[in-house]
Amino acid sequence: MTAQETAQGPQHKRELTRRKVVAAGAGAVVAVGVGGAFAAGAFAGEETAAGKGKTAGTSGQACYKLTSETTEGPYYIDADKLRRDVTEDQEGIALTLRLKVIDSDTCKPLANAAVDIWHCNALGVYSGYESMGSGGGGGGGGTPPSGAPSGTPTGTPTGAPPGGGGGGGGHEEPTDDERYLRGTWRTDKKGEVVFRTVFPGWYQGRCVHIHTKVHVSGTWTDAGYEGGTTCHTGQLFFDEAIVLATAEVAPYSTNTTTRTTLDDDTIYPGNGTEGGLLKLTYKKGAIAKGVTATLTMGVDPEATQDGTGDSVQPGASALASAG
């Protein structure tokens, strides 16, 4: 299963973070923006520690908990697709994904960080791996069940990082040149980044999810994002109610692969927003018109994550390019 990561860095810093979390209580979340304070609810809809209308930066208030680290799974590609709209020609319910990245210790936003997202299409197929199918058939089928889960690697569910939780699962080499539903963009001065995509579908063995990485201390160039370190590798999750609603809409309704629920998923840590559970906004009864998903991710910019859910010791090599 996944493991809540203990951030790399000085011991006093880690202890300070834990004290803040305890002081705030399980549901307390606030953040400070560049050049001024704001309630987290202004971005992600969460409540503040000291009550409605209060903001961070005052004594006794706490920062976000460190967002859970999870395995990157076998289908990460360092694609250097610097773009906010990753949809390409994929059909599905429009999804606006709004992420905010902050230092979980200081509450300050991380500007100019590189944020990657990648996920399967409405029928459970990952770009770059179409020949592996999903719930079936190559090329984007996804309809016939079980025909593909990570067909080559042991029989693990396709896309589901083998071994279930935090333990890795080897990377699969791409089988084609498609790169839809993958992209990287930089956070602004408020630590925010917005992606346009489509609501992900599902495939054998996994609940509906989006993969993400956060890279810091690199350089933005015309060729992409170079150098730096990966300080967070995670997955973003959707509650059951909205997934059931999407399943009534084409093309999701044609996906006959048996769906794994959020509660039965082997990767989701079960700890709400801290574990990547998105806050979702959509018009009930008209979900086909689009969904907005938001989340604030607390990360440790001094940590280095190796994509398996485990931190890398300082000085060790780590995946740093955006993709």
Side-chain angles (χ1 to χ4, degrees), residues 43-46 75 81 83-100 115-127 129-130 133-145 148 157-160 178-183 185 192-212 235-265 268 272-273 276-296:
F43 180 80
E46 294 114 337
Y75 301 140
K81 289 289 187 181
R83 57 186 183 179
R84 286 175 285 188
D85 190 334
V86 302
T87 308
E88 292 194 18
D89 59 353
Q90 293 300 300
E91 297 182 356
I93 297 169
L95 175 67
T96 300
L97 179 63
R98 299 175 57 85
L99 301 175
K100 181 178 179 67
V115 178
D116 303 333
I117 64 164
W118 71 101
H119 61 86
C120 69
N121 66 11
L123 298 179
V125 176
Y126 280 89
S127 63
Y129 300 91
E130 289 189 342
S134 76
T143 304
T158 152
E178 297 294 335
R179 295 296 182 266
Y180 51 80
L181 307 181
R182 298 176 181 274
W185 200 251
E192 297 176 8
V193 61
V194 179
F195 290 98
R196 309 293 178 186
T197 184
V198 297
F199 201 96
W202 59 90
Y203 48 87
Q204 184 178 332
R206 287 303 315 279
C207 68
V208 176
H209 64 282
I210 294 175
H211 293 267
T212 187
Q235 296 185 27
L236 310 175
F237 299 94
F238 300 82
D239 66 43
E240 281 297 298
I242 196 169
V243 174
L244 288 171
T246 63
E248 300 297 318
V249 179
Y252 307 90
S253 57
T254 67
N255 188 346
T256 61
T257 304
T258 300
R259 186 178 61 81
T260 298
T261 66
L262 184 67
D263 287 343
D264 290 337
D265 189 72
Y268 174 55
T273 54
L277 188 64
L278 293 160
K279 175 180 172 58
L280 304 167
T281 304
Y282 59 102
K283 186 174 182 180
K284 293 187 177 177
I287 195 170
K289 292 185 177 180
V291 176
T292 297
T294 61
L295 185 71
T296 297

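As the structure is a prediction and not an experimental result, all values here were calculated from the model. Below, all heavy atoms of this structure are taken into account, side chains as well, without hydrogens, waters or symmetry copies.
Summarising the geometry, atom CD1 belonging to Ile287 is positioned 8.5 Å from atom OH belonging to Tyr252; distances are rounded to the nearest 0.5 Å. To the nearest 0.5 Å, atom OG1 of residue Thr246 and atom CG of residue Leu95 are 10.5 Å apart. Distance check: Asp116 CG to Phe195 CZ gives 7.5 Å after rounding to the nearest 0.5 Å. Atom-to-atom distance recorded for Glu91:CD and Leu123:CG is 8.5 Å, nearest 0.5 angstrom. Expressed to the nearest 0.5 Å, how far CG of Leu295 lies from OG1 of Thr273 amounts to 6.5 Å. Separating the NE2 atom in His209 from the CG atom in Leu262 is a distance of 11.5 Å, to the nearest 0.5 Å.
For Gln90, the side-chain hydrogen bond (donor to acceptor under 3.5 Å, both in side chains) test picks out Asn121, with sequence neighbours left out.
Side-chain contact between Thr258 and Gln204: absent, with no pair of heavy atoms (C-beta onward) separated by less than 4.5 Å. Side chains of Val198 and Tyr180 form no contact here, defined as non-hydrogen atoms less than 4.5 Å apart. You'll find the side chain of Phe238 reaches within 4.5 Å of the side chain of Leu278, heavy atoms only. Residues Thr292 and Arg98 form a side-chain contact, since some pair of their non-hydrogen atoms from C-beta on lies under 4.5 Å apart. Contact check for Gln235 versus Thr212: no side-chain heavy atoms found under the 4.5 Å cut-off.
Residues Arg259 and Leu244 share a closest heavy-atom pair of NH2-CD2, 3.4 Å. Tyr282 approaches Val291 most closely through the heavy-atom pair CB-CG2, 3.9 Å. Taking all atoms of both residues into account, the shortest heavy-atom contact from His211 to Tyr126 is NE2-OH, 3.2 Å. Here the closest heavy-atom approach between residue Pro200 and residue His119 is recorded as CB-ND1, 3.7 Å.
Using modelled atom types and a 3.5 Å distance limit, the side chains of Thr257 and Asn255 yield a donor-acceptor pair.
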